[in-house]
Number of protein chains: 4
Amino acid sequence: MDEKYVKQLLEMEGQELKLTEKKVNILVAAIEIFAEKGYSATSTSEIAKRAGVAEGTIFRHYDSKKDLLLGITKPAILKMVVPYFASQMVEEVFKDEITSFDGVLRAFITNRIEFVRKNIPLFKIVLQEIAFHNELQETFQESFLNQILPKISETIYIAQKSGRLKDFSIPTTLRFIMSTVMGFIITRFLIMPEAEWNEKEEIDNMVECIMNGISKNN
Amino acid sequence: MDEKYVKQLLEMEGQELKLTEKKVNILVAAIEIFAEKGYSATSTSEIAKRAGVAEGTIFRHYDSKKDLLLGITKPAILKMVVPYFASQMVEEVFKDEITSFDGVLRAFITNRIEFVRKNIPLFKIVLQEIAFHNELQETFQESFLNQILPKISETIYIAQKSGRLKDFSIPTTLRFIMSTVMGFIITRFLIMPEAEWNEKEEIDNMVECIMNGISKNN
Amino acid sequence: MDEKYVKQLLEMEGQELKLTEKKVNILVAAIEIFAEKGYSATSTSEIAKRAGVAEGTIFRHYDSKKDLLLGITKPAILKMVVPYFASQMVEEVFKDEITSFDGVLRAFITNRIEFVRKNIPLFKIVLQEIAFHNELQETFQESFLNQILPKISETIYIAQKSGRLKDFSIPTTLRFIMSTVMGFIITRFLIMPEAEWNEKEEIDNMVECIMNGISKNN
Amino acid sequence: MDEKYVKQLLEMEGQELKLTEKKVNILVAAIEIFAEKGYSATSTSEIAKRAGVAEGTIFRHYDSKKDLLLGITKPAILKMVVPYFASQMVEEVFKDEITSFDGVLRAFITNRIEFVRKNIPLFKIVLQEIAFHNELQETFQESFLNQILPKISETIYIAQKSGRLKDFSIPTTLRFIMSTVMGFIITRFLIMPEAEWNEKEEIDNMVECIMNGISKNN
DNA sequence: CATGAATGAGAGTTCATTCAT
DNA sequence: TATGAATGAACTCTCATTCAT
């Protein structure tokens with residue numbers, strides 16, 4: 001993890017992230033340890049030690065330990081949730097190109113896998129802490145539920161109307177897709193990261209499973 | 001949560017769980033607060049307060065806070081993982097009755113949903129803490145991976161050989177099923193417990209999705 | 001350590017020591033652990049455990065942990081200090097028989113060595129705790145300083161007047177004797193109990209040293 | 001007790017003792033209270049209170065209460081044991097000048113008395129706690145037994161060969177000397193510090209006693 | 001901007017003692 | 001007489017946070 005990585009990942013829209021070397025060290029250390037032991041079980045002194053800064057320095061950059069957590073996780077949630085879906089391409093494809101539905105699905109899966117691969121500790125932190133911090137749930141709400149979900153929903157709706165997908169409710173269809181993808185990602189990167197994985201084949205299988213599961217059979 | 005509930009849930013095979021009223025109170029309070037705030041963020045003094053006992057009383061019953069966590073979660077993992085699969089019925093059905101494959105799946109899903117419904121806080125605690133405590137991972141390993149998984153794997157293997165299921169690898173097939181079920185349970189009980197749910201329909205949909213996803217289309 | 005041992009050792013003049021089996025166990029356990037770790041560092045629950053009784057049982061027999069310490073150490077101090085000197089024989093010998101002065105000294109040394117050998121833990125406890133407990137200092141005061149010291153002092157006084165001993169002050173003479181004996185006992189039983197000791201020779205040497213040290217040379 | 005005193009006393013060879021005012025206060029308070037009530041019976045909160053610092057401050061300077069004890073007692077043992085004997089003078093005198101044997105003894109006694117007079121609480125702590133802490137026994141072992149004892153032993157050996165001292169075994173001879181000196185110091189400073197003492201005379205008597213006790217009579 | 005000593009509240013845990021059984 | 005569950009104060013130690021330098 002280097003400065004550029006941290007910068008592009010944690011910078012939020014509309015505000016530049018000022019990064020001294022010390023601040024990068026703090027962020028990197030915090031991400032590592034939060035992921036290892038959980039937010040609550042991590043002490044600021046341990047972060048300072050691993051970051052190679054004085055204990056007080058953390059509090060020059062963040063008002064509190066919680067503030068540090070949010071400074072890490074809020075932008076991370078946005079980057080995890082938004083980017084792919086936000087692109088115009090997706091909408092187009094979902095809406096219009098019958099033949100490429102599974103292609104789009106494959107692209108989405110591949111894209112999210114690559115994102116998590118590069119951000120495993122961050123992914124783990126968000127997964128763990130979103131249950132306990134309202135601010136994170138709200139961030140998720142505001143980005144995914146308010147911005148992304150409507151677009152996807154519309155897309156699925158159209159696909160259903162056009163006769164390609166079964167008439168499961170939209171949340172159900174979406175949950176089916178997301179469960180399958182998240183189930184793979186969590187197994188792949190958190191539960192059994194050491195196992196040998198044939199990712200290409202797994203992706204193929206997921207696409208096939210999902211398509212068979214939610215598509216109309218003719 | 002009352003005494004009987006706690007007793008049957010947390011009693012481990014081969015050893016009786018001695019339950020005084022105070023001990024039940026401690027367990028109930030600990031389960032509630034661990035689920036609300038996470039293990040690390042929970043203080044023993046808060047548990048004692050909610051349980052209506054002196055703080056020292058907790059340590060008469062459990063050697064440490066960690067020991068209390070394990071006393072709650074280890075038996076819970078066993079009860080979550082083992083019971084359903086351990087029954088003979090399942091094996092029989094899986095192996096022999098072609099037509100009832102989806103029936104078995106439906107029974108399994110229904111059964112696990114009912115279990116979680118009665119044990120939401122416990123389910124949440126296990127989900128959160130298994131990432132940080134080796135003892136829990138080992139308990140899961142010993143029960144699910146060592147005892148249950150082989151049976152399921154054999155069943156799937158036979159179903160594949162008999163031509164009913166696609167030749168996805170067994171872990172892949174299983175992960176596909178489990179992801180779908182866990183995705184529903186987590187959404188239903190943890191993410192959106194307040195929403196209106198038509199569970200019967202959701203179960204039907206899951207069964208249909210999964211069967212279409214993993215079965216051979218003729 | 002058995003019942004008889006404890007009984008004769010801890011029974012104080014004028015009051016019988018009622019000893020149930022449990023009480024003996026408590027006393028034996030307390031003596032052992034107090035000696036091992038010191039009074040303050042010993043917990044009543046540890047005593048109860050080693051004694052094989054319930055925690056509450058100790059407090060049926062002794063009002064407090066301190067009371068237990070005093071119940072052990074006060075009679076022990078008396079038995080350590082009084083017995084030998086209280087006998088008439090000694091006084092006689094000290095006063096009258098010139099030639100046997102060193103014989104008496106040898107008898108005294110031998111006698112105290114045997115006493116400590118049989119009561120090492122007790123001796124250690126008294127040595128450690130007398131510094132911190134006024135009651136023990138008073139017990140020592142009342143027995144040794146008030147009862148024994150005057151007799152010895154008189155004896156030494158007479159011996160000096162009769163020309164056998166140097167005119168060191170009586171406390172100095174006594175301190176010289178006691179230092180030598182205590183120095184041996186502490187080295188022998190507490191500092192280097194595992195070493196090979198030729199006790200007979202050491203006693204001879206002590207007697208010789210002391211006699212040469214405090215006697216007049218003609 | 002002031003800073004300079006504490007500093008020169010507790011500084012160990014080869015490592016400087018960094019002393020802020022608070023740290024000095026902690027050390028002084030700890031020495032006082034450990035001496036008054038014993039290590040185990042002393043609470044860190046009491047030390048903090050007397051030192052005028054927050055309880056947490058103690059643990060910034062010492063990892064644990066035990067660490068504080070060792071930080072006080074280990075250097076104290078070295079300073080108690082090593083200095084006098086380490087000087088060349090002693091060896092020379094012991095080896096060569098027959099007539100000044102008693103002069104050397106007097107110098108040693110005087111020197112150790114002065115040391116203890118300036119460090120009574122420290123002396124008391126070491127005397128009490130060395131029985132219960134292996135680390136202290138090892139410190140004593142490494143300094144006295146390994147460094148000092150061989151020199152003294154050699155000196156006594158030579159004195160015996162040259163016909164001045166009796167052929168008691170060397171440990172016996174040494175124990176005789178040390179018992180007499182320690183007996184005086186303990187009586188003088190711990191048992192009866194309030195009494196009127198004619199130290200010059202007591203020292204003369206000790207020297208006379210010891211010399212008569214261990215020398216050959218011609 | 002960075003430090004790290006200092007804080008004091010609160011953490012988990014132990015303790016001597018009590019008391020209903 | 002003996003028990004052992006229960007207590008709550010006190011214990012050692014950690015923590016997030018502050019602030020003078």
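Letters A, B, ... are given to chains in the order of the sequence lines, protein chains preceding strands, and every chain is numbered from 1.
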- Task: Output the single nucleotide from E:dT3, F:dC13, E:dT13 whose closest atom is nearest the side chain of B:S64.
- Result: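 It is E:dT13.
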What integer distance in Å separates [X]:[atom1] from [N]:[atom2]?
| X | N | atom1 | atom2 | value |
| --- | --- | --- | --- | --- |
| B:K23 | F:dT7 | NZ | P | 15 Å |
| C:I26 | F:dT3 | CD1 | C1' | 12 Å |
| B:H61 | F:dG4 | NE2 | P | 14 Å |
| C:E55 | E:dC19 | CD | C1' | 14 Å |

- Query: Does NZ or CZ of D:K23 lie under 6.0 Å from the centre of the six-membered ring of D:Y62, at an angle within 45° of the ring axis?
  - Reply: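 The answer is yes, since D:K23 meets both limits relative to D:Y62.
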- Do B:K66 and B:Y39 meet the cation-pi criteria used here (NZ or CZ under 6.0 Å from the six-membered ring centre, within 45° of the axis)? no
- Query: How about A:E32 and A:P121: do any of their side-chain heavy atoms sit closer than 4.5 Å?
  - Reply: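 A:E32 vs A:P121: side chains apart.
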- Message: Need the pair for E:dA20. Rule: Watson-Crick or G-U wobble, both distances under 3.5 Å, any strand; none if unpaired.
- Response: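 F:dT3 is the nucleotide pairing with E:dA20.
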- Any strand is fair game: report the nucleotide pairing with E:dG10 by Watson-Crick or G-U wobble, both distances under 3.5 Å, or none.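 Across any shown strand, E:dG10 pairs with F:dC13.
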- Message: What's B:S43 touching, base or sugar-phosphate or nothing? Going by heavy atoms closer than 4.0 Å.
- Response: sugar-phosphate
- By nearest-heavy-atom nucleotide on DNA chain E, the more 5' of D:R60 and C:K65 is D:R60
- Note on the structure: Whichever of C:T42 and D:T57 has the more 5' nearest nucleotide on DNA chain E, that residue is D:T57
- Rounded distance [0.5 Å steps], CD in D:E46 versus OG1 in D:T44: 10.0 Å
